[in-house]
Student: 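Have a look at this one.
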Amino acid sequence: MSTPEWLESWSDDDGARRVRELFARAFGPTATEPAAGPDGVWSAPGRVNLIGEHTDYNAGLCLPIALPHRTFVALRLRDDDAVRVASAQTDAPWEMRLADVVPGQVEGWGAYVAGVAWALAQAGHPVRGFDAVVDSCVPFGASLSSSAALECAFAVALDDLLGLGLGGDDAGRVQLAAACIRAENEIAGAATGGLDQAASLRSRPGHALLLDCRPELGPLENAAPIPFDVAAAGLELLVIDTRAPHQLVDGQYAARRASCEDAARLLGLANLRAVTPEGLDEALAALEPHDADGVLRRRVRHVVTETARTAEFADLVRAGRVAEVGPLMNASHASLRDDYEVTVTETDLSVDSCLAAGAVGARMTGGGFGGSTIALVRADEVDAVVAAVQAAFDAAGLRSPGFLVAPPSAAAGRTA
Ligand code: GLA
């Protein structure tokens, strides 16, 4: 059997040291520019969603935690509107003037960065250019929100340096999250729903964040931190990056979203949250004449049952009964596999292997079409479950997965 690979998180000191060194290399003294360090270091976590998948853009419930894995940014404001960003993960630095940042015109990973500055300016905040570097231990392309971590690290950095005063409380962080969502939707061009940015900016250590995505709710009503202490129940949350190649991700995600919007329109509703579990059969019957292949009805069934499962999961956690959430996780995975059709061979195999090796519950997490799975595992069985997943991937001739354990960690903020 191949040796399982653990994906370690970095300490704040380590992350800060990395980006300070990178900053000196990227923007250090030259013949024409004197040496000046960054104005500071900020960081933001990736997230893992415990349950409530593809519910955020349907005004439903989701329940993420922030990962200990973070994206670190060292940033120095400029006096003009140039944005120059370099990353440890890419070769070429990315440059653009803020005046040129408009929807549909921005290419490359810098869109997530410049998009945040653009969205803050759109919200009426005074924005300036900056030089910045990025390094990250959030696994990429793993459904663990490396993009949101990137956006949110820049959001808190700009908030801090421009004196916007938004990062200091949850209501302000809702505005930062909104800017990050606009950056992702309008500048990076990914029609995602907002779960990831809320998790990265609004989570608390030791807590899961119950998000209620009904648009009419204000910041005090739409998020509730819930103590999430799996260790007290003798459990660990294991995350498995299956490293399945993502294919057609954007198109498939957008297609799922469009189906949900079509279904809501056919039902005469603003969104699918208005369909309750009790009203589900009636809604499915109403869709039948418009849905020869049954796709819309499968999508709606997933969305409605998933929000119900998320509410139940949150109730169990609140009642100190986290060891009982396993069946809800398993049902969520089955629904994402059979009704929402966003799982792949690797995520199904990972979940099945975890359960066969004794996990309390397991499911895919994030958008799907590859990415990661999570499993709730008895602390003394983590190694056995990891070995079982590794052996199953070896036997199937699949690329080796990466493993991490995920205590609920801190939101984005200043690091150094
Ligand atoms: C991705 C998106 C989120 C959410 C999830 C699925 O992570 O960015 O907005 O829709 O997929 O739950």
Side-chain angles (χ1 to χ4, degrees), residues 44-67 69 71 111-112 115 138-152 177-203 208-215 222-223 239 241-242 244 246 248-261 271-273 299 302-310 313 328-329 332-333 335-337 339-344 347 363-374:
R47 64 97 189 93
V48 74
N49 194 22
L50 300 173
I51 195 162
E53 222 64 83
H54 289 278
T55 46
D56 59 350
Y57 54 84
N58 286 304
L61 299 176
C62 30
L63 189 66
I65 61 167
L67 284 174
H69 298 66
T71 292
Y112 292 94
V138 181
F140 286 96
S143 301
L144 300 177
S145 291
S146 56
S147 333
L150 180 62
E151 295 150 10
C152 297
C180 294
I181 294 165
R182 284 199 74 182
E184 182 153 326
N185 290 173
E186 297 177 51
I187 302 297
T192 51
L195 152 69
D196 312 337
Q197 294 79 7
S200 189
L201 281 161
R202 303 179 70 190
S203 290
L209 192 67
L210 181 62
L211 290 170
D212 187 332
C213 302
R214 281 177 288 172
N222 67 11
V239 181
D241 171 7
T242 70
H246 277 240
L248 298 172
V249 177
D250 295 345
Q252 291 285 358
Y253 184 95
R256 295 299 180 283
R257 193 168 175 158
S259 292
C260 293
E261 285 162 5
N271 55 55
L272 292 180
R273 182 66 182 277
R299 305 298 186 250
H302 166 73
V303 168
V304 173
T305 58
E306 183 75 353
T307 276
R309 281 186 289 272
T310 306
F313 189 120
L328 293 167
M329 296 173 76
S332 169
H333 186 79
S335 177
L336 287 157
R337 183 191 59 214
D339 278 346
Y340 222 63
E341 299 176 277
V342 294
T343 72
V344 296
T347 44
R363 58 182 293 276
M364 60 150 270
T365 186
F369 311 107
S372 295
T373 65
I374 57 174

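This one's a predicted model, so the numbers in the text were calculated from it and none came from an experiment. Whatever order the structure lists them in is the order used to number ligands and atoms, beginning at 1.
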Student: Is the backbone N or O of G194 less than 3.5 Å from a side-chain atom of D56, with the two atoms forming a donor-acceptor pair by type?
Tutor: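 Yes.
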Student: Ligand 1 and D196, any nitrogen or oxygen pair closer than 3.5 angstrom?
Tutor: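 Between D196 and ligand 1 (N or O atoms, distance only) the closest approach is under 3.5 Å.
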Student: Among protein heavy atoms, which sits nearest to atom 3 (C) of ligand 1, and what does the distance come to when rounded to 0.1 Å?
Tutor: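 Of every protein heavy atom, D56 OD2, 3.3 Å lies nearest to atom 3 (C) of ligand 1.
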Student: If we ignore angles and hydrogens, is there a donor and acceptor under 3.5 Å between the side chains of E306 and T55?
Tutor: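 The criterion, which ignores hydrogens and geometry beyond distance, is not satisfied for T55 and E306.
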Student: What residue and heavy atom of the protein are closest to atom 10 (O) of ligand 1, and at what distance?
Tutor: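 Ranked first by proximity to atom 10 (O) of ligand 1 is Y253 OH, 2.6 Å.
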Student: Can any side-chain N or O of S259 pair as donor or acceptor with the backbone N or O of A255 at less than 3.5 Å?
Tutor: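 Yes: the side chain of S259 pairs with the backbone of A255.
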Student: Using distance alone, determine whether T55 and ligand 1 share an N or O pair under 3.5 Å.
Tutor: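 No: no nitrogen or oxygen of T55 is under 3.5 Å from one in ligand 1.
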Student: Scan residues 45-55 for pairs that pass salt bridge (Lys or Arg N to Asp or Glu O under 4.0 Å), counting only residues two or more places apart or in two chains.
Tutor: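 Qualifying pairs, neighbours excluded: R47-D196, E53-R363.
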Student: Look only at interatomic distance and state if G366 has a nitrogen or oxygen under 3.5 Å from any nitrogen or oxygen of ligand 1.
Tutor: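 Min N/O separation from ligand 1 is not below 3.5 Å for G366.
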Student: Show the atoms of ligand 1 that are less than 4.0 angstrom away from any heavy atom in G193.
Tutor: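 Listed by number with element: 9 (O).
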Student: Between D212, V304, V303, which is the residue that forms a side chain to side chain contact (heavy atoms under 4.5 Å, CB included) with R273?
Tutor: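 Option passing the side chain to side chain contact (heavy atoms under 4.5 Å, CB included) with R273: D212.
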Student: I need the atoms of ligand 1 closer than 4.0 Å to a non-hydrogen atom of Y57, numbered in the order shown.
Tutor: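 Counting atoms of ligand 1 from 1, those under 4.0 Å from Y57 are 10 (O).
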Student: If you measure every N or O of E53 against every N or O of ligand 1, does any of those distances drop under 3.5 Å?
Tutor: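 Checking ligand 1 against E53, an N or O pair does fall under 3.5 Å apart.
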Student: So for R47, does at least one of its heavy atoms come nearer than 4.0 angstrom to any atom of ligand 1?
Tutor: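 Yes; R47 lies near enough to ligand 1 that a heavy-atom distance drops under 4.0 Å.
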